[in-house]
Engineer: 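Next up is a structure, given as C-alpha cells.
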Number of protein chains: 2
Amino acid sequence: MAPPGKAQKTAKKPAPKAAKKTAPRPGRPVRGSATGRPVMALIDLIGRRWVLRILWELRSGPLTFRALQEACGGISPSVLNARLADLKETGLLEHEEAEGYRMTQLGRELTEQLTPLTGWAERWARQLEKMQKP
Amino acid sequence: MAPPGKAQKTAKKPAPKAAKKTAPRPGRPVRGSATGRPVMALIDLIGRRWVLRILWELRSGPLTFRALQEACGGISPSVLNARLADLKETGLLEHEEAEGYRMTQLGRELTEQLTPLTGWAERWARQLEKMQKP
DNA sequence: CTCCATTGCTACGTTTTCAGTAGCAAGAGA
DNA sequence: TCTCTTGCTACTGAAAACGTAGCAATGGAG
C-alpha cells in the first residue's frame, strides 16, 4: 500500500458536505422515520443525550448557561450549546437577557406531561429491588 | 506527572477498565447525576438513542428482532441488540420464544404514560408552522 | 438428508457524537 | 485598570452509532 511519489501529507476532509446541523422537527424526516410525523420528531429530539435533562433542570425556573451546566453535572459547554440551539430552534425554550434560559409555554406544556414520570420511576425502582433481592 | 526517562513507545490502551456496560437504573449514579434518584436513571435511559423508539414500536404488540429492526427504519443490529439488553436488564421488556420481544407490565405502564405525547407533538407541529409562515 | 429461508444475533471498519479542557470577547462593577 | 461573571467557540481524544457482512441455530420442503 501507500504508493510512492507524492501527495502524502494532506488528507483531512475529503467530504465537503458540511451541511448545517438542524434539530429534528415535525414535518421533516428524522432518524429512522421518513414520514415526518410529529411524534417521531419528538422521539428523535428527546432521544438525544441531555435534551430531557436540560428540560428537567429548567422545570422550576430559568437558569443561566453556567448554572445549567452545573445543574447537569458538568456537561461540556459545546454539547450544552448544541442542545440549547436545538431547543431554541424547535420553540421549546428561549434566552432572556436578564434571567438566562427559560422554557416557552410550549416547553412548559411538554414538561408538565413528563412530570408524572417521577411516580413511574419510583415504582420502577421498587420493582427492580424486589427482582434483585427476593 | 510522567517522569522523564523512558517508556515512550507503547501507548495504546492505558485504560484496561473494560467493564461490562450496564444500563442506567435507579439507585445507581448515572450520567450527570450521582444521587441515584430513579427519575434520573429514567432520564438517562430514555435519553439514549432508540430506546424511546423501540418502546414506541412495541406499543401495539410484540415484534421479532428483525421486525423491530425494520420498524425502526433499519437500525443497525448491534445497536438494537445493545438497547434490547438495556431494556431487558431494567425489566421493561422480555423475550418470548414464540412471539419475540414484548413489553412487561412495567414497560406497558411507562408507554401508557407516554402516549399523550402524541397530542402534544401535534400541537407542537401546528405551533411551529405558525411561527414559520405567519 | 440436502436445500433454503428465517431468526437472532456477532464482528468490524467507518462516521458521528460526546467529553474534557482551554480560552476568548463582552459586560459589569470596584 | 483589574477582576469577575457570562456565554460561548476551538480543539483533541474517547465513546457511541452506523452499515455491511456473515454465522449458528431452527424449521420446514422436497
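Reckoned from all heavy atoms, side chains included, excluding hydrogens, waters and symmetry mates. A quick note: this is a predicted structure, and the numbers were derived from the prediction, not measured. A note on names: the letters A, B, ... follow the listed sequences, proteins ahead of strands, and every chain is numbered from 1.
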Engineer: Please give me the minimum heavy-atom distance between A:Ala125 and B:Pro38, naming the atom from each residue.
Structural biologist: CB-CG, 3.8 Å

Engineer: Side chains of A:Val30 and A:Ile43: does their closest heavy-atom pair fall under 4.5 Å?
Structural biologist: no

Engineer: Going by the salt bridge (Lys or Arg N to Asp or Glu O under 4.0 Å) test, which pairs reach into residues 33-42 of chain A, not counting sequence neighbours?
Structural biologist: none

Engineer: Tell me every residue that passes side-chain contact (heavy atoms from CB on, under 4.5 Å) with A:Ser78, counting only those two or more places apart in sequence or in another chain.
Structural biologist: A:Ser76

Engineer: For A:Asn81 and D:dG7, what is the distance between atoms CG and P respectively, to the nearest whole Å?
Structural biologist: 11 Å

Engineer: Over how many whole Å does the gap from A:Glu70 atom CD to D:dG7 atom C1' extend?
Structural biologist: 15 Å

Engineer: May I ask you to verify if any side-chain N or O of B:Thr64 is less than 4.0 angstrom from the OP1 or OP2 atom of C:dT6?
Structural biologist: no

Engineer: Whole angstroms only, please: what is the CD1-C1' distance between B:Ile54 and D:dA17?
Structural biologist: 13 Å

Engineer: In whole Å, I'd like the distance from the CD atom of A:Glu99 to the C1' atom of D:dT6.
Structural biologist: 15 Å

Engineer: Can you give one letter per nucleotide of nucleotides 17-23 of chain C, going 5' to 3': B for a protein heavy atom under 4.0 Å from the base, S for sugar-phosphate only, - for none?
Structural biologist: SSBBBB-

Engineer: In whole angstrom, what separates A:Leu68's CG from D:dT6's C1'?
Structural biologist: 13 Å

Engineer: Do any N or O atoms of the protein come closer than 3.5 Å to N or O atoms of nucleotides 25-29 of chain C, and which pairs are they?
Structural biologist:
none

Engineer: Using the side-chain contact (heavy atoms from CB on, under 4.5 Å) criterion, which residues pair with A:Pro77? Sequence neighbours excluded.
Structural biologist: A:Phe65, A:Gln69

Engineer: Test of understanding: with side-chain contact (heavy atoms from CB on, under 4.5 Å), list the residues that count as partners of A:Ala67, not counting sequence neighbours.
Structural biologist: A:Leu63, A:Thr64

Engineer: In this structure, how many angstroms lie between the P atom of C:dT10 and the CG atom of B:Leu84, rounded?
Structural biologist: 11 Å

Engineer: If I take atom CD in residue B:Glu96 and atom P in nucleotide C:dT7, what distance separates them, rounded to the nearest angstrom?
Structural biologist: 17 Å

Engineer: Figure out the CZ/P separation between B:Phe65 and D:dT26, and round it to whole Å.
Structural biologist: 18 Å

Engineer: For residues 89-100 of chain A, pull every pair meeting salt bridge (Lys or Arg N to Asp or Glu O under 4.0 Å), keeping only residues two or more places apart or in separate chains.
Structural biologist: A:Arg25-A:Glu89, A:Glu99-A:Arg102

Engineer: According to side-chain hydrogen bond (donor to acceptor under 3.5 Å, both in side chains), does anything in residues 108-120 of chain B pair up with another residue at least two apart or in another chain? List the pairs.
Structural biologist: A:Arg123-B:Glu109, B:Gln105-B:Arg108, B:Gln105-B:Glu109

Engineer: Taking only residues at least two apart or on different chains, which pairs with a member in residues 70-84 of chain A satisfy salt bridge (Lys or Arg N to Asp or Glu O under 4.0 Å)?
Structural biologist: A:Arg83-A:Asp86

